[in-house]
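Inspection log for the structure reproduced underneath, given as structure tokens.
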Number of protein chains: 2
Amino acid sequence: MAETPPADPKSRGRRSRPLRVADAIKDWVVEHGLQPGDRLPGEAELIEQFGMSKGTIREAMRLLQAQGLVETKTGPGGGSFVGEVTRERASALLANYFYFRDVSINDIYQVRIALEPELAASLAGKLTDAQLAELEAIMEHYAEPARSAEEERQQHVASLRFHARLSDFGNNALLGFFIGFMAQILTDLTVYKQLYTAPNHDLWQRGRLHQIDLIAALRTGDAAKAHAVMRSHMEMAQSLMDIQEAEVMKRFIAE
Amino acid sequence: MAETPPADPKSRGRRSRPLRVADAIKDWVVEHGLQPGDRLPGEAELIEQFGMSKGTIREAMRLLQAQGLVETKTGPGGGSFVGEVTRERASALLANYFYFRDVSINDIYQVRIALEPELAASLAGKLTDAQLAELEAIMEHYAEPARSAEEERQQHVASLRFHARLSDFGNNALLGFFIGFMAQILTDLTVYKQLYTAPNHDLWQRGRLHQIDLIAALRTGDAAKAHAVMRSHMEMAQSLMDIQEAEVMKRFIAE
DNA sequence: GAAGCCGATTTATCATGAGAAATACAAGGG
DNA sequence: CCCTTGTATTTCTCATGATAAATCGGCTTC
């Protein structure tokens, strides 16, 4: 139980020492099937095991920390722990990839139009009453039409939270992440870039009806209906957004 | 031009110093619009600018390095440079997120079925002759039925490369990444987990016809046909794969 | 004159030790 | 009983020096 990572990465390779130490620790976590929250050996132990200096070990831990694989705490009972890679963190890391690549709002909606109806259909008849209630609670945030740009923005953010929660309820983690990632990007764009500033009563009404219909279809288990409603909803949302051209993902560099 | 990052992150905050230094460097890159390959200040300069010790600065650089945002080289003209976040690296970082979450082959195919036809349709009539030729060249790798499990595996990998290249040709970087990510995961599963070991002449023939039809539809610009063919192809591939249940993404911890 | 070698220089990398900050837990005072 | 205070533990930060890696430029050689 008091086992510690193997000391072999001392062997000369082209990779730097911190990289090799990080590799060794990752392998060690995998082999021992450690779970998020489990404690890793402390700095002192690692120094002893690997026979390397404190700085090298610390740099290795920073590498792992940046990937969200470990978290460190000071104090008694502190140390390094296997980290929980949250969706937020994974999204932030992924956003780096898009920093130097142009992604327009329309690009995001091309993917949303393909994925969101798929999710809705697969969730029809599978949600608990509590989950449906939570979704309806979120909808309360836009039960009334917005009377200002600021209110409109808040409603839009709430609407995106609706989609993000829906993606959490599915049992397909991959699909859930992709949808959640896009919802987060759009949320950030809405908040920081002040998107969506033109309240429109007619579109608000149609959007709200969509979600009411969607909830109903989800409740009754009508997959085809859920798919169709979500598709209409996405297409409407896209037509609202595509005024904004080539709004890119700049400024989304990870934490 | 010889400007260097601001020295303000010395201010006391809750975030650790390396984190604040990393933040400052990222902001500096963004503000100055630096491109991949551009040189960042050397260690010595950063030490001076931030008024922090070498170790702290190095830990900050390791944080950025782990995210693929900087690369370092030794020697004259060496130093730290703005890094290129490749699809491989972004995929590896994202794979960490799925390490503790079960993702089955069927989950991957649920997303592929939604996305790949969308990509094919949007690419119809938009590919150059050179791109079409490259795709046909990849298809040569499975022009003949496989006669062994090993050959079958190689053909499957080639087929995945076909999809990955197709995703590169689109002008939607988001859609391209998602598809490329899944192709990479499936490739790794095929190579390391020895998936797809049962050659089947009938299915091989149908799969090949799909891709021939797809190339034709892409060439003539028949978006609806491209969409339909790709959908059939994905559904067939899924039926081949779903023997493997709940094959998870373990062992895909980032570099 | 061109190609290949080789050392000088620049840069990151590794090591060590001392001390500061942060935190949990327990003991003492109101 | 609650609040404060002390103390042990652990990471975090700093300072400095020595080492290794990689490249540039001049030199030799053909």
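Values below: all heavy atoms of this structure, side chains included; hydrogens, waters and symmetry mates excluded. Order of the sequence lines fixes the chain letters, A, B, ..., with proteins taken first and strands second; residue numbering starts at 1 for each chain.
Atom CG in A:L19 sits roughly 13 Å away from atom C1' in C:dA12 (whole-Å rounding). Between the CD1 atom of A:I47 and the P atom of C:dC14 there is a distance of 14 Å, given to the nearest Å. Atom CZ in B:R39 sits roughly 14 Å away from atom C1' in D:dA22 (whole-Å rounding). Atom CZ in A:R58 sits about 5 Å away from atom P in D:dC12, given to the nearest Å. The distance from atom CZ of B:R62 to atom P of C:dC14 is 6 Å, rounded to the nearest whole Å.
In this structure, A:R101 forms a cation-pi arrangement with A:Y97, its terminal cationic atom sitting closer than 6.0 Å to the ring centre and no more than 45° off the ring axis.
Closest-nucleotide positions on DNA chain C for A:K73 and B:G79 were compared, and the one nearer the 5' end corresponds to B:G79.
OP1 or OP2 of D:dC14 lies within a sub-4.0 Å distance of a side-chain N or O belonging to B:T56. Look at B:R17 and you won't find any side-chain N or O under 4.0 angstrom from OP1 or OP2 of C:dA21.
The side chain of B:T74 sits closest to C:dA12 out of C:dA12, D:dT11, C:dC14. Distances were taken from every side-chain heavy atom of B:S53 (C-beta onward) to each of D:dC14, C:dA12, C:dC14; the shortest belongs to D:dC14. Comparing D:dT13, C:dA22, C:dT13 by their nearest atom to the side chain of B:E59 picks out D:dT13. Among C:dA15, D:dT11, D:dA8, the nucleotide with an atom closest to any side-chain atom of A:P76 is D:dA8.
With hydrogens and angles left out, the side-chain atoms of B:H163 and B:E116 include a donor and acceptor closer than 3.5 Å.
A salt bridge links B:E150 with B:R153: the closest approach of a Lys/Arg side-chain nitrogen to an acidic carboxylate oxygen falls below 4.0 angstrom. Comment: B:D23 does not engage B:R20 in a salt bridge, judged by the lack of any side-chain N to carboxylate O separation of less than 4.0 angstrom.
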